[in-house]
Amino acid sequence: MTTEVTTCRLCGADELAGVVDLGATPPCELFLTADRLAAPEPTYPLHLRVCTSCWLAQLPPLITPEETFTEYAYFSSYSTSWVEHARRFVEGAGLQPGDFVVEVASNDGYLLQHVVERGVRCLGIEPSANVGRAATEKGVPTLTGFLTPETGRQVRAGHGPADLVVANNVYAHVPDVVGFTEGLRALVADHGRVSIEVQHLLTLMELNQFDTIYHEHFQYYTVASAQRALASGGLHLVDVELLPTHGGSIRLWAQPEEAPVSQRVVDVLAREKAAGLHELSGYADFAARVAKVRRDLLRFLIDAADAGKTVVGYGAPGKGNTLLNYCGVRPDLLAYTVDRNPYKHGRFTPGSRIPVHPPERIAADRPDYVLVLPWNLREELVEQLSYVREWGGRLVFPIPSLEVVG
């Protein structure tokens, strides 16, 4: 483990400029059991910097992937909309009966289950043994491990090259971005395709999505910096799609064979440049906008407490823990939160120590306000939480700016 923060992990340049400093927080997925509440809880600085040479936004590798992902609290299938997103992707991927599909960071089989249903050969590579077991139970072949160049070569030798390699919401989670990209190249056939979905730094900046900054995300990509990262491992960016997932993501299409980029790549690069993200000026006022989100949320919670109103949370995502810790929210302002994932029930959020209960607790307690922490699932959750209106309850969305609805 290293705490070096002066050198870019992609290009090696030694000019990293501060973007926003969110203080020090615990790792966002290390939920506490009751018997750990009296024990020390380690925290690590959460300071986002950007390389002024290749424009890769990045955090120092203060924790290792092994510390986070050996046993993981996040199961993708608890998001109905995310499973549907995966189903549509598989449906439109043009898979043929003889194809071989590999997904890296395949989680609980949320995507590959749809590949299995189509009778197409596939393999998931998932580092978290507890999550991988859930995939295996769905009939998804799963290898427990992290992707490295050697892992990629071993899978290729044992199963053959992949016609399609999928890497959703993992390209930000790897401190060795060059080695990981080399692993993708090792997996994919010379004529094959690689699809990567990752949050877009452009929307993160435009919509104040600072809560998606946490230690297990080691970097944040523009299309420009992703293009450089892919090239570092022998892959060529050929197309990009803008997606609404996770508040605004990009789907990068890459391949080993060099080819002209699509007009969509040209257009998104132009948007990024116009927003100033290919120069330092585009990052200048982000910290001030983040601080305003904190003030507005705290003002609302304090006013609600002073008025005798009850406020509880919905969801216990990693982004929620960045928000709660940066804002200094504790159980006196947010009595508890709920989550659909049984793994988190009876545990406490890291740092803020807010108890996590099953979702049914909200209907039983009938709170005045429900603070929605996974705001990126707004459309899905407004429908799921429509029953809150039955007693006059209202939903609160903290990002991109405070909004009370209902």
Side-chain angles (χ1 to χ4, degrees), residues 28 73-89 110 168-169 197 199-200 203-204 206-212 242-249 289 292-294 296-301 303-305 307 309-324 327 329 333-342 344-345 349 352 354-406:
C28 69
Y74 179 74
F75 289 71
S76 295
S77 292
Y78 285 109
S79 170
T80 304
S81 62
W82 183 242
V83 173
E84 174 60 17
H85 172 77
R87 188 196 65 78
R88 290 195 304 268
F89 171 83
Y110 75 99
N168 287 348
N169 301 317
E197 292 186 24
Q199 188 181 19
H200 195 187
T203 51
L204 186 155
E206 289 179 339
L207 300 179
N208 300 329
Q209 296 169 353
F210 70 92
D211 56 342
T212 58
L242 298 179
L243 306 173
T245 53
H246 298 283
S249 298
R289 290 188 280 118
K292 184 177 187 307
V293 172
R294 175 173 59 181
D296 290 347
L297 177 59
L298 282 174
R299 186 178 298 114
F300 168 80
L301 292 174
D303 288 348
K309 303 292 186 181
T310 54
V311 185
V312 305
Y314 186 91
K319 62 169 60 70
N321 291 324
T322 292
L323 178 77
L324 297 174
C327 295
V329 177
L333 295 178
L334 191 70
Y336 59 82
T337 191
V338 304
D339 199 271
R340 293 178 66 187
N341 185 351
K344 300 178 183 180
H345 297 166
T349 57
S352 54
I354 292 169
V356 183
H357 298 301
E360 295 75 20
R361 181 70 177 262
I362 290 180
D365 289 350
R366 301 164 71 91
D368 297 296
Y369 298 102
V370 177
L371 176 66
V372 179
L373 296 175
W375 47 260
N376 55 297
L377 301 176
R378 178 166 179 158
E379 184 175 337
E380 174 183 343
L381 295 185
V382 165
E383 181 178 349
Q384 282 186 18
L385 294 169
S386 60
Y387 64 89
V388 172
R389 293 196 299 268
E390 294 174 7
W391 59 83
R394 305 177 74 186
L395 305 183
V396 182
F397 292 89
I399 303 290
S401 59
L402 189 76
E403 183 180 359
V404 182
V405 300

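Values in this document were obtained by computation on a predicted structure and should not be read as measured data. If you read the sequence from its start, that first residue is 1, and numbering goes on from there.
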Distance, nearest 0.5 Å, that separates CD of E84 from CD of E380:
10.5 Å
Filter on side chain to side chain donor-acceptor pair (under 3.5 Å), then keep only pairs touching residues 385-406, sequence neighbours left out; what's left?
R378-E403
Which residues share a salt bridge (Lys or Arg N to Asp or Glu O under 4.0 Å) with K292, sequence neighbours left out:
D296
Closest non-hydrogen atom pair, I354 against V329:
CD1-O, 4.1 Å
As an exercise, state the distance from CG of L243 to CD of E197, rounded to the nearest 0.5 Å.
5.0 Å
Between OG of S249 and CD of Q199, what distance do you get to the nearest 0.5 Å?
6.0 Å
For residues L381 and F397, determine if any side-chain heavy atom of one lies less than 4.5 Å from a side-chain heavy atom of the other.
no
From the list N169, T212, N168, T203, side chain to side chain donor-acceptor pair (under 3.5 Å) with H246 holds only for N169
Taking every heavy atom of V311 against every heavy atom of A304, the minimum-distance pair comes out as CG2-CB, 3.8 Å
Work out which heavy atom in D339 is nearest to a heavy atom in V356; give both atom names and the distance.
CB-CG1, 4.0 Å
Non-neighbouring partners of F210 that pass ring pair (Phe, Tyr, Trp, His ring centres under 6.0 Å), sequence neighbours left out
Y326
Shortest non-hydrogen contact from Q384 toward R340:
NE2-NH1, 3.4 Å
Shortest non-hydrogen contact between L207 and G247, atoms and distance
CD1-O, 4.1 Å
Considering only residues two or more places apart or on different chains, which pairs with a residue in residues 357-366 satisfy salt bridge (Lys or Arg N to Asp or Glu O under 4.0 Å)?
R361-D365
Heavy atoms of A305 and L333 approach each other most closely as CB-CD2, 4.2 Å
Does H357 have any ring pair (Phe, Tyr, Trp, His ring centres under 6.0 Å) partners at least two apart in sequence or in another chain, and if so, which?
Y336
Does the side chain to side chain contact (heavy atoms under 4.5 Å, CB included) test come out yes or no for V338 and V312, once each step is laid out?
CA-CA 8 Å; V338 304; V312 305; 5.9 Å; no
Only distances under 3.5 Å count here; give the side-chain donor-acceptor pairs of residues 369-376 to other protein atoms, sequence neighbours excluded, each with its distance to 0.1 Å.
residue, atom, partner, partner atom, Å
W375, NE1, D211, OD1, 3.4
W375, NE1, D211, OD2, 2.5
N376, OD1, K319, NZ, 3.1

